[in-house]
Amino acid sequence: MNRWTVAVLLLSLVAAPTVQAAEPTAAATADERFTAIHEAEWAWRKTQFPGLDDEDGAASRGDRLPNVDAATQRARLGKWDAVLGELDALPQAGLSATQRVNFVIYRDQVANLAADVRFGGYEMPFNADSSFWSGLGFMTRRPLKSVEDAENYIARLADVPRYFDDQIANMRAGLKRGFSVPRAVLAGRDASIAAVADITDPRASEFYKPLKNLPATIGAEDRGRLQDQAAAAIGEKLIPAYRELLAFFRDEYMKKARKTLAAESMPDGKAYYRQQIREYTTLDLGAEQIHAIGLEQVARIQAEMLETMKKAGFGGTFAEFLAFLRSDPQFYAKTPEELLMRAAWIAKRVDGKLARYFGTLPRGRFGIEPVPADIAPFWTAGRGGASTYWLNTYNLPSRPLYNLPALTLHESAPGHSFQLSLAEEQSAQPAFRRNGYISAYGEGWALYTEKLGQEMGIYETPYEEFGRLTYEMWRACRLVIDTGVHHKGWSREQALAYLRERTALSEHEVTTEVDRYISWPGQALSYKLGEIRIVELRAEAERELGAKFDIRAFHDAVLAQGSVPLPVLEQQIRAFIAERKL
C-alpha cells in the first residue's frame, strides 16, 4: 500500500462518524463483509503455523510442525493475494469508524505476509540472531498437562526431520539464486545446531525435559510409555535431523552463502529492501532519508553523552571514558544470579511507580528468566514477552550494570511485557490485532519507556544515565548502519567501528548487533523511528492541551489500540487530543 492510499484511509477515519450516520445500513453491510474476510483468513492462518511456541510459550498445541515447503508457500501467497483483492473491493467509505482503523491495520498485515513470500523470504529462514532450529527449543519450556499434550509434543519431535528437510530445500533454492544470509556473519552460528546434534543420550536432551516433569494426574504406566516414546523420537528422529542440518550448514551453506552484505545486492534487492523498510517502520521513507535522520540523532545524543560524562566527573577523552566503562570491575556482575537479582530489583522499583504514569495497568505478570544457554551466545542482552523478561547472563563481562535500568524498562515494564499484556487483554479487539505485533510501534514504545525512566527516577547515577544514552545512541546508530550496509555499501568493519566508537556497548554486543543488522535488513530501523514519533506526539499533546494534559491519559491512549502502524497511531492520538480539548 503506497502512502497516498494510507493517507486517504486515514482521512476517512476522521470523517467516519458523519459517513456512518448518513448511511448506517451500508456501513453495517461493509462492516459485516470485512469481518467475514478477516475472521475467515485468521481461522485459516492459525491452521498454517501449528506447533511452534514463541518466547512466552504461546502456540497451538498441534501434533505437527508447520509446512514450509515451496508449494505450500505459493499456496499461502495465493490465499493472501485473494484476500487483498477482497479487501480492495470493499466500499471503504461505508465502513464504521472502528472498522476503518481495523482495515488499515489488517490490510498492511496481510500485504506484508504476501510480500515476504513473494520475495522468497522463506528461502532465508534464519539470521544471525534467530533461527528455525533454535526456535524449536521454546516448545520445551511449556509444561505438558495431560496425556494428549505429551502425545502431541512427541509427535512434533518426530516431525522435525520432515520440517528440517523442507527448510534445507528452501535454503538450497536461496543459495542457487544468491538469496542468503551473508557469509561474513555465519561463523559460530552452527554451534546451536551442534549442541543438539552431539547429544548421545536422548534423555539428557533439553527436548526430553518436559517429560521429566509430567503432572501427578498422569499415571505411572502412561508416564513410562510417554517417556520411552519421547526418548525414541529424540534419539531416532530429532537428533539425526539436527546432524543432517549441521552437515548441510557446514558443508554447503557456509561455503556457498553470498559474499556481499547489502540487501540491495540480492536479486530484486532494491525492491526487497524497500519492502523491509515499509514493513518494519510502517512509513514510506527511503534509505537516504532514514540515513540522514540517523546522522542528526547521533549528533544530538553525542552532545548529551559528553555532558553526562562531565557529570560523572571523568576528566579524560570520550574514548577513554568508554574504555573505563568497558573494563572497570565495579560495573559488572560477578555471577549470573547477581545480574538477575539486580534486574529484579530495578523491575520492582519501576513497579512501585507505574500507577503515577498509567491509568490502566495490565492484569498479566511477567517473570525474569536467563536466556537459554544454547542460544545465549548470539542473542541480545535481553528480550521481553508478555509473561517473560529474558535476561542474557552469558559472558558477564559484556553485560554492564549501568545499562541494566534501560534494558529492564525496555523489555519488561512499562516496555514490552507491559504493552504486550495490555494488548492481549483488549478483548474487544479482533484476534489479528490482539495477537499482532508491529515493530515500529512495539519497539518505538519500548524505547520511549527508557526515556520515561528519567521522569520515573529510575536512573540513580550518571553512569546509569550514560547507559540510557548509550542505548539511545545504539538505536540511532542503527538508522545509520542498517542503511549504510544495505543501501550505501558499507563493509562490516565500517559498521563495527561506527557502533564501537559511539557507544559503551561491549565488544561482544557490538559484534552480535552489527551481524544482526547485516542479516536482518530493516528490522533495526523500527526502534528509533517509532520512538521519535511517540515523543513528537507527546510534545504535540502537551502543547495543545496545556493544563489539561494528563500523562496517565496520554499513555493509556497510546497503549489502548494494541500494536498499530505509526500513521494510525498519529491519527488516534490527534483524535484523543481533540476530544480532551472539549
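Here the structure is a predicted model, which is why all the values come from computation and not from measurement.
Not counting sequence neighbours, the partners of Y448 by the side chain to side chain donor-acceptor pair (under 3.5 Å) test are R538, H555. Every residue two or more places apart in sequence or in another chain that forms a side chain to side chain donor-acceptor pair (under 3.5 Å) with D129 is listed here: R383. Taking the ring-ring contact (aromatic ring centres under 6.0 Å, His included) definition, one finds that F378 meets it with nothing, sequence neighbours left out. Under the salt bridge (Lys or Arg N to Asp or Glu O under 4.0 Å) criterion, K353 pairs with no residue, sequence neighbours left out.
Residues in residues 520-530 take part in these side chain to side chain donor-acceptor pair (under 3.5 Å) pairs, two or more places apart or across chains: Y280-W520, S439-S526, E472-K528, R516-Q523, R516-Y527, Q523-Y527, K528-E531. For residues 337-356, no residue pair satisfies the ring-ring contact (aromatic ring centres under 6.0 Å, His included) rule, not counting sequence neighbours.
Residues E264 and H487 have side chains that bring a donor and an acceptor to within less than 3.5 angstrom of each other. With 3.5 Å as the limit, one finds no donor-acceptor pair spanning the side chains of E450 and Y459. Judged purely by distance below 3.5 Å, without hydrogens or angles, the side chains of T483 and H291 pair a donor atom with an acceptor atom. Looking at R475 and H410, their side chains do bring a donor and an acceptor atom within 3.5 Å of each other. T461 and Y402 form no side-chain donor-acceptor contact under 3.5 Å, judged by distance and modelled atom types alone. Q561 and R433 are linked by a side-chain donor-acceptor pair at a separation below 3.5 angstrom, with hydrogens and angles left out of the test.
Outside the 6.0 Å centre-distance limit, the rings of W379 and Y394 are not counted as a close aromatic pair.
One finds a salt bridge joining R349 and E460 here, because a Lys/Arg side-chain nitrogen approaches an Asp/Glu carboxylate oxygen to under 4.0 Å.
You'll find the side chain of N112 reaches within 4.5 Å of the side chain of Q275, heavy atoms only.
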Residues H416, F366; criterion side-chain contact (heavy atoms from CB on, under 4.5 Å); working and verdict = CA-CA 10 Å; H416 286 317; F366 67 89; over 6 Å; no
Please assess F321 against F314 for the test ring pair (Phe, Tyr, Trp, His ring centres under 6.0 Å), listing each intermediate value before the final yes or no.
-> CA-CA 7 Å; F321 189 51; F314 191 83; 5.0 Å; yes
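Both the sub-6.0 Å distance and the 45° axial angle are satisfied by R478 relative to the ring of W474. Stacking of R141 on the aromatic ring of F138 is recorded, both the 6.0 Å distance cut-off and the 45° axial limit being met. Under a cutoff of 6.0 Å and an axis angle of 45°, R580 and F576 do not form a cation-pi pair.
Screening R543, E544, E542 for a side-chain contact (heavy atoms from CB on, under 4.5 Å) involving F549 leaves a single residue, E542.
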